[in-house]
Amino acid sequence: MTAIVLDGRALAATIEDSLRAEVETFADMFKRRPRLVVVLVGDMAASASYVKSKAAAAARVGIDADVVRVPATTDTGSLVALVQSLARDEQGPADGILVQLPLPEHVDTLAVLDAVPPDRDVDGFHPENAGLLSQGRPRFVPCTAAGVQRMLIDAGIETAGRHAVIIGRSDIVGKPLALLLAAKGTGGDATVTLCHSRSADLPTITRSADILVAAVGRPGLVTADMVRPGAAVIDVGINRVDGRLVGDVDFESVRKVAGWISPVPGGVGPLTVAMLISNTLLAAELRHAP
Ligand code: NAD
């Protein structure tokens, strides 16, 4: 068997096309464009490149995007104050406010993320949005988790009644994805197992997966012998190996066993960005909702 390769770039382009039309409707109605503000702390190359792609995607669909750059030495209090000042719309309406992670070690990341008002929290990291998702009434869903679910739905990969195994229990990917796949409805109703660094006998668990998602940050973690023939394998990992981007899945061996596989790059990454843009439009629309 050779797996179907899930083309995240193509799907993201399709999503952008429909968002572009919705943004035009919004702009006609409210005589302004939705606006995303991204706070970039320091000069980490990976963060700068993610922020660049987010701003470029916003521009492609007609959403205004501004990047506020501050030095790596900025302390927690100043970052909280910056986020609060953005939320006062002093430099224009900030429908979506995003603080690019990771923050420098001396910064209290949760304190900064908690300062983002929940109705502008387009990353979906605020406890209020995490709570809404856990109760099955999502508002802003964390973008990578939403992107993975969208990819499964678009490819026609059945989730209802299937066993989904997620490796990685982070608040930004693994946990929200587990909630989405276990929720009632389209792209949900799966039986979910959430694995992590302390999980015993990972290969036995992963071999029982109809859908296997790797979100760890370890190249080559998922090998062909860990995959049930015909399973859908979604690779969230982003790792730099010898100057090349690779995921957590050993792509060449796993593609011979899996039914579907998402590549890195060109898989989940573009969808994460598309979901952010979708969340930004939603934030702008919610501000004008009666
Ligand atoms: P994280 O470091 O917060 O979490 C990693 C998780 O992996 C933890 O829950 C840990 O328990 C688990 N883990 C570590 N070693 C393990 C092992 N040997 N076996 C099983 N589980 C193990 O990471 P994160 O922020 O969730 O990101 C995970 C990966 O996804 C990273 O490579 C990150 O760059 C990537 N990522 C990609 C996107 C995207 O858009 N494609 C978005 C976010 C994160």
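As the structure lists them, so they are numbered: ligands from 1, and atoms in each ligand from 1.
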Peer 1: Would you indicate which of S197, P176, A215, S53 comes nearest to atom 22 (C) of ligand 1 when only heavy atoms are counted?
Peer 2: S197
Peer 1: With a 4.0 Å cut-off, strictly under, does atom 27 (O) of ligand 1 pick up any protein heavy atom?
Peer 2: no
Peer 1: Quick test of your reading of the structure: of I167, V236, V216, whose heavy atom lies closest to atom 41 (N) of ligand 1?
Peer 2: V236
Peer 1: Here's a test for you: under side-chain contact (heavy atoms from CB on, under 4.5 Å), which of I234, D235, V213, V264 qualifies with V249?
Peer 2: D235
Peer 1: For the side chain of T159 and the backbone of G188, is there at least one donor-acceptor N/O pair under 3.5 Å apart?
Peer 2: yes
Peer 1: If only side-chain N and O atoms count, and only distance matters, is there a donor-acceptor pair under 3.5 Å linking S253 with D250?
Peer 2: yes
Peer 1: Answer with side chain, backbone, both or neither: which part of R218 has a heavy atom less than 4.0 angstrom from an atom of ligand 1?
Peer 2: side chain
Peer 1: Please name the pair of heavy atoms, one in P34 and one in L281, separated by the smallest distance, quoted to 0.1 Å.
Peer 2: CG-CD1, 4.0 Å
Peer 1: Starting from atom 24 (P) of ligand 1, find the nearest protein heavy-atom neighbour and note its residue, name and distance.
Peer 2: S170 OG, 3.7 Å
Peer 1: Using a strict 4.0 Å threshold on nitrogen-to-oxygen distance, state whether E24 and R33 make a salt bridge.
Peer 2: yes
Peer 1: Distance to 0.1 Å, residue and atom name: give those for the protein heavy atom nearest to atom 42 (C) of ligand 1.
Peer 2: T144 OG1, 3.1 Å
Peer 1: Can you confirm whether more than 12 heavy atoms, excluding those of D43, are under 6.0 Å from its CG atom?
Peer 2: no
Peer 1: Whether the side chain of H163 engages the backbone of S208 through a donor-acceptor N/O pair (distance < 3.5 Å, no angle test) should be reported.
Peer 2: yes
Peer 1: Enumerate the atoms of ligand 1 whose separation from the nearest heavy atom of G269 is less than 4.0 angstrom.
Peer 2: 40 (O), 41 (N)
Peer 1: Provide, to 0.1 Å, the distance between atom 6 (C) of ligand 1 and the closest protein heavy atom, together with that atom's residue and name.
Peer 2: G168 CA, 3.6 Å
Peer 1: Between T272, V268, L271, V264, flag the one that comes closest to atom 40 (O) of ligand 1 by a heavy atom.
Peer 2: T272
Peer 1: Just to confirm my output: which protein heavy-atom neighbour is closest to atom 33 (C) of ligand 1, and how far is it?
Peer 2: I238 N, 4.2 Å
Peer 1: Hey, would you say the F26 and H288 ring centroids sit under 6.0 Å apart?
Peer 2: yes
Peer 1: How far is atom 31 (C) of ligand 1 from its nearest protein heavy atom, and which residue and atom name does that atom have?
Peer 2: G217 CA, 3.7 Å
Peer 1: If you have a sec, work out which protein heavy atom is nearest atom 44 (C) of ligand 1 and how many Å separate them, to one decimal?
Peer 2: V173 CG2, 4.0 Å
Peer 1: Pick out which of D95, D66, D89 makes a side chain to side chain donor-acceptor pair (under 3.5 Å) with R35.
Peer 2: D66
Peer 1: For atom 8 (C) of ligand 1, which of R169, H196, K175, R240 has the closest heavy atom?
Peer 2: R169
Peer 1: Give me the residue, atom name and distance of the protein heavy atom closest to atom 25 (O) of ligand 1.
Peer 2: I172 CD1, 3.4 Å
Peer 1: Does ligand 1 have an atom that lies less than 4.0 angstrom from a heavy atom of G237?
Peer 2: yes
Peer 1: State which residue, out of D114, L101, L98, fulfils the side-chain contact (heavy atoms from CB on, under 4.5 Å) condition with F125.
Peer 2: L101
